[in-house]
Amino acid sequence: MFKTNKMLAAMLLIALSVVLAACGTADEKTSSSTGDNKYAKLLVGTEATFAPFESMNDKGEIVGIDVDIMKAIGEEVGSEVEFRNVGWEPVFQQITNGELNLGASGITITDERKQTYDFTDPYYEATLMIVVKEDSPITTLDELKDKKLSVQINTTGHEAAKKLQGMSSSNILAYENQPIAFQEVINGATAAAIGDNAVVLEYLKNNPKSGLKAIESDQFEKEYYGFMVKKGNTELLDHLNEGLKKIKENGKLEEITGQKID
Ligand code: ARG
């Protein structure tokens with residue numbers, strides 16, 4: 001009798017440690033033990049030097065269009081939203097290893113990324129732009145074929161630069177964030193930068209003395225931003241899409257972005 005009790009206790013202990021060991025990923029940490037909403041709290045990764053989508057304000061808070069949209073979605077689907085400024089490449093890594101539920105960082109939906117991640121429906125239409133010095137003679141993308149270019153690493157701007165100059169071009173300088181890439185043009189280290197249109201225009205607006213100008217090119221394709229989750233996380237994807245659909249229908253998304261999208 002005593003022996004069986006001991007065995008039972010041991011089995012219970014093992015069962016308990018298995019349950020405890022399972023704790024740790026963002027999905028599990030955020031599931032509330034009482035409610036039935038597995039996503040009562042969402043950990044959202046971003047790189048906050050990307051105004052107007054995400055930047056840090058004077059109080060050290062992450063603010064911007066992506067934050068406003070995610071909060072609006074959260075309100076619709078009963079999720080509290082916590083943003084973390086982890087950096088551009090860590091957004092991808094931390095979604096993969098489960099430290100974050102999703103990425104909201106002006107992330108373009110691309111076929112390449114879709115191999116490893118899933119995206120919500122699109123929430124913003126964007127395109128790339130070229131940034132040069134105000135007195136630069138450059139007017140087209142083709143003129144940048146053999147010029148030094150600065151971009152944010154592993155972004156669609158980086159891809160466009162590689163497409164133009166070849167994968168292994170040593171004329172492409174890739175940086176942690178978009179503002180450094182613009183700064184390199186100001187410094188004269190590169191002839192041009194390539195970046196997302198709304199971010200380029202916001203930078204020029206916020207830095208009127210930068211001495212930079214923006215150039216459009218119809219050689220850049222249309223891009224669509226989506227919120228990014230780990231591949232196969234359909235449950236979270238549906239949850240987010242449900243909220244996104246609602247704010248598309250009630251006009252809230254358009255109010256935030258100033259843009260209509262289906
Ligand atoms: N839209 C571009 C891409 O997905 C750039 C995004 C960069 N975002 C950021 N928060 N720095 O590649």
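Ligands are counted one by one from 1 in listed order, and the atoms in each one are counted from 1 as well.
When each atom of ligand 1 is checked for a heavy atom of Tyr225 under 4.0 Å away, the hits are 1 (N). Below 4.0 Å from some heavy atom of Gln152 lie the following atoms of ligand 1, by number and element: 7 (C), 11 (N). Residue Ile107 approaches ligand 1 through these ligand atoms, each under 4.0 Å from one of its heavy atoms: 4 (O).
At a 3.5 angstrom cut-off on N or O pairs, Trp88 does not count as close to ligand 1. In terms of polar-atom proximity, defined here as any N/O pair under 3.5 Å, Gly106 does make such a contact with ligand 1. Between Glu223 and ligand 1, no N or O atom pair is found at a separation short of 3.5 Å.
The existence of a salt bridge linking Glu255 and Lys252 is confirmed by a sub-4.0 Å separation between a basic side-chain nitrogen and an acidic carboxylate oxygen. For Glu143 and Lys145, the salt-bridge test fails: no basic side-chain N is under 4.0 Å from an acidic carboxylate O. We find that Glu242 and Lys246 are joined by a salt bridge, their nearest charged nitrogen and carboxylate oxygen being less than 4.0 Å apart. For the pair Lys213 and Glu134, the salt-bridge criterion is not met [side-chain N within less than 4.0 Å of a carboxylate O].
Not a single heavy atom of Gln178 sits less than 4.0 Å from an atom of ligand 1. Under a 4.0 Å heavy-atom criterion, Arg113 is in contact with ligand 1.
Of the heavy atoms in Asp196, only side-chain atoms (C-beta onward) come closer than 4.0 Å to ligand 1. Here Glu159 has no heavy atoms under 4.0 Å from ligand 1, in either its backbone or its side chain.
If you check which protein heavy atom lies closest to atom 11 (N) of ligand 1, you get Glu47 OE1, 2.7 Å. Nearest protein neighbour of atom 10 (N) of ligand 1, counting heavy atoms only, is Ser105 OG, 2.8 Å.
Between the side chain of Glu54 and the backbone N or O of Gly64, no donor-acceptor pair lies under 3.5 Å. In this structure, the side chain of Ser169 engages the main chain of Asn171 through a donor-acceptor pair within 3.5 Å.
Closest non-hydrogen pair, Tyr117 versus Met228, comes out as CB-CG, 3.5 Å.
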